[in-house]
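Sequence lines set the chain letters: A, B, ... in the order given, protein chains first and strands last, and positions in each chain run from 1.
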Amino acid sequence: MNWVIENLGFIASLLTDHIVFSLVPVVIGLVIAVPLGWLANRAGFGRAVVVNLAGLLYTIPSLALFVFLPAILGTGILDPVNVIVALSVYTVALLVRTVADALEAVPPLVVDAATAMGFKPFRRFVAAELPISVPVILAGVRVAAVSSISLVTVGSVIGFGGLGQMFTDGFQRSITAEVVAGIVLVVVLALVVDGILLLIGRLLTPWDRAARAVAQGATA
Amino acid sequence: MNFLGWLFDPAHWSGAGSIPQRLVEHIGYTALTMLIAIVIAVPLGAWIGHTGKGGFLVVGSANGLRALPTLGVLILLVQWIGLGIVGPLIALVLLAVPPVLAGTYAGVRNVDASVVDAARGMGMRGREILFGVELPNALPLITGGVRSSVLQVISTATIAAYVGLNGLGRYIIDGLSTRDFPQMIAGSILVALLAVVADLVLAGLQKLLVSPGLQTGGTTRRVRALATRSTDTAAQAA
């Protein structure tokens, strides 16, 4: 505990790094996964390709991907960009499938109703299909965010791991308190972010709560 | 493309620390971990699924695992137990158990209630139902859990090279300390290949083990179509 109190400044700067390293990839990954998922859902053949490719990318161990990416990107092997790109790749791999599944589950009646109201395909996607898919996509984003927060720490082996540096530093200097504090902070950060995402989901889908209230009123 | 030179250098294919040796070590750690994890997780998951007691713990442990940083767990166990294989092995088992446990639990739990009723109606006892009906029906989810566990273990065993374990991760860690980047990249390619091949082999094994009636594909769809038709007629009759 003393170690934590004496090193609050160090921990705070690692925490900031950690949040950037783990959450920027989730945002990038989501922005890429939505159009890809849309494409996968539209074209039957494309779906098999996208889903299988995503599955393949997801099997690649994190440390291997961190080290292997520079060979493809031409970045330096110890460049923090590698960690951000690698985690974005995982997020895309996870979310493409979720987005495709979520869009597939949109009731055809809703799509038909939007079409009948004169919505062109793009507007129909943005204003009807995507909002309806929010709960399922958000469940995927929560998994991606929590995984990303935990995976960043692996980057500390090659020098960029946010809070993971508390593990490598604690290992090299034999400070168990530092390692334990690191684990606790990572888990707490994951829980907090998960909770915030859950809240965002509630705010994004007010109709869901209204429907639940109506259902409760009906049974009461 | 230096790493290709490293990868195909004959000197790296025989002797101490050669690619075949590291590969065998890596597969050995993974196999040993999975053996221990399956012996712990399958009976426990089956019991919890069969009795329905403590299910929330299983789901919680599987979800909580995602947040747990593997490197931190490895280092903590090595600091407690000391260098050697035991600390990392405990960490690997710890990370391998939850997916298998959750898969077995969910598999047994989600067996169609009418199937279990039918087995009971035929006079099968609790134990017979578990081994003859519930576990075979749960196999797709159990093997699914094993697959994600194996990937997790291959990945974590790589990181465990940082705390002194052998295996393919050595190339990445040793390459880093000597700034031998071709070695690092070659090592990471080998690890990625191992993970992809292991997943493909397990997918094949899954196909062999799981009863054809339970697999997604032509047969299932036909069975499901038949099932819905029969329930429709039943509904009409009622």
Participant: With a 4.5 Å cut-off on heavy-atom pairs, point out which of B/T156, B/L168, B/T158, B/L76 contacts chain A the most.
Facilitator: B/L76

Participant: Where does A/Q172 contact chain B at under 4.5 Å (heavy atoms): side chain, backbone, both or neither?
Facilitator: side chain

Participant: Check for a donor-acceptor pair, side chain of B/R66 on one end and backbone N or O of A/V146 on the other, with a separation under 3.5 Å.
Facilitator: no

Participant: Contact part of A/S156 toward chain B, heavy-atom cut-off under 4.5 Å: side chain, backbone, both or neither?
Facilitator: side chain

Participant: Test salt bridge (Lys or Arg N to Asp or Glu O under 4.0 Å) on B/D174 and B/R22; report intermediate values, then the result.
Facilitator: CA-CA 13 Å; B/D174 295 347; B/R22 294 285 181 236; 5.2 Å; no

Participant: Just give me the residue among A/T168, A/L163, A/V152 that pairs up with chain B most often, heavy atom to heavy atom, under 4.5 Å.
Facilitator: A/T168

Participant: Can you tell which part of B/I173 gets under 4.5 Å to a heavy atom of chain A, answering side chain, backbone, both or neither?
Facilitator: side chain

Participant: Decide if the gap between the ring center of B/F8 and the ring center of B/W13 is smaller than 6.0 angstrom.
Facilitator: no

Participant: Against chain A, label B/I159 side chain, backbone, both or neither, depending on which of its atoms sit under 4.5 Å from a heavy atom there.
Facilitator: both

Participant: Could you check which of B/G72, B/G169, B/S155 has the highest count of heavy-atom pairs closer than 4.5 Å to chain A?
Facilitator: B/G72

Participant: By a 4.5 Å heavy-atom criterion (distance strictly below it), what part of A/I183 contacts chain B: side chain, backbone, both, or neither?
Facilitator: both

Participant: For the rings on A/F171 and B/Y162, is their centre-to-centre separation under 6.0 Å?
Facilitator: yes

Participant: Just by distance, do the side chain of B/H26 and the backbone of B/I154 share a donor-acceptor pair under 3.5 Å?
Facilitator: yes

Participant: Hey, are the side chains of B/L68 and B/L94 touching, using non-hydrogen atoms and a 4.5 Å cut-off?
Facilitator: no

Participant: Show your reasoning for whether salt bridge (Lys or Arg N to Asp or Glu O under 4.0 Å) applies to A/R47 and A/E104.
Facilitator: CA-CA 11 Å; A/R47 185 190 178 93; A/E104 200 188 359; 3.5 Å; yes

Participant: Would you mind checking which part of A/L191 comes under 4.5 Å of any heavy atom in chain B, side chain (CB onward), backbone (N, CA, C, O), both or neither?
Facilitator: neither

Participant: Under 4.5 Å from any heavy atom of chain B, what part of A/I175 do you find: side chain, backbone, both or neither?
Facilitator: backbone

Participant: Side chain, backbone, both or neither: which part of A/A190 has a heavy atom under 4.5 Å from chain B?
Facilitator: side chain

Participant: Checking heavy atoms, do the side chain of B/I185, its backbone, both or neither come under 4.5 Å from chain A?
Facilitator: both

Participant: Check for a donor-acceptor pair, side chain of A/N82 on one end and backbone N or O of A/D79 on the other, with a separation under 3.5 Å.
Facilitator: yes

Participant: Does B/R147 have more than 12 heavy atoms from other residues, nucleotides or ligands lying within 6.0 Å of its CZ?
Facilitator: yes

Participant: Check each atom of B/V163 against the heavy atoms of chain A and say whether the ones under 4.5 Å are side chain, backbone, both or neither.
Facilitator: both

Participant: Pick whichever of A/V180, A/V143, A/L69, A/V154 has the most heavy-atom pairs under 4.5 Å with chain B.
Facilitator: A/V143

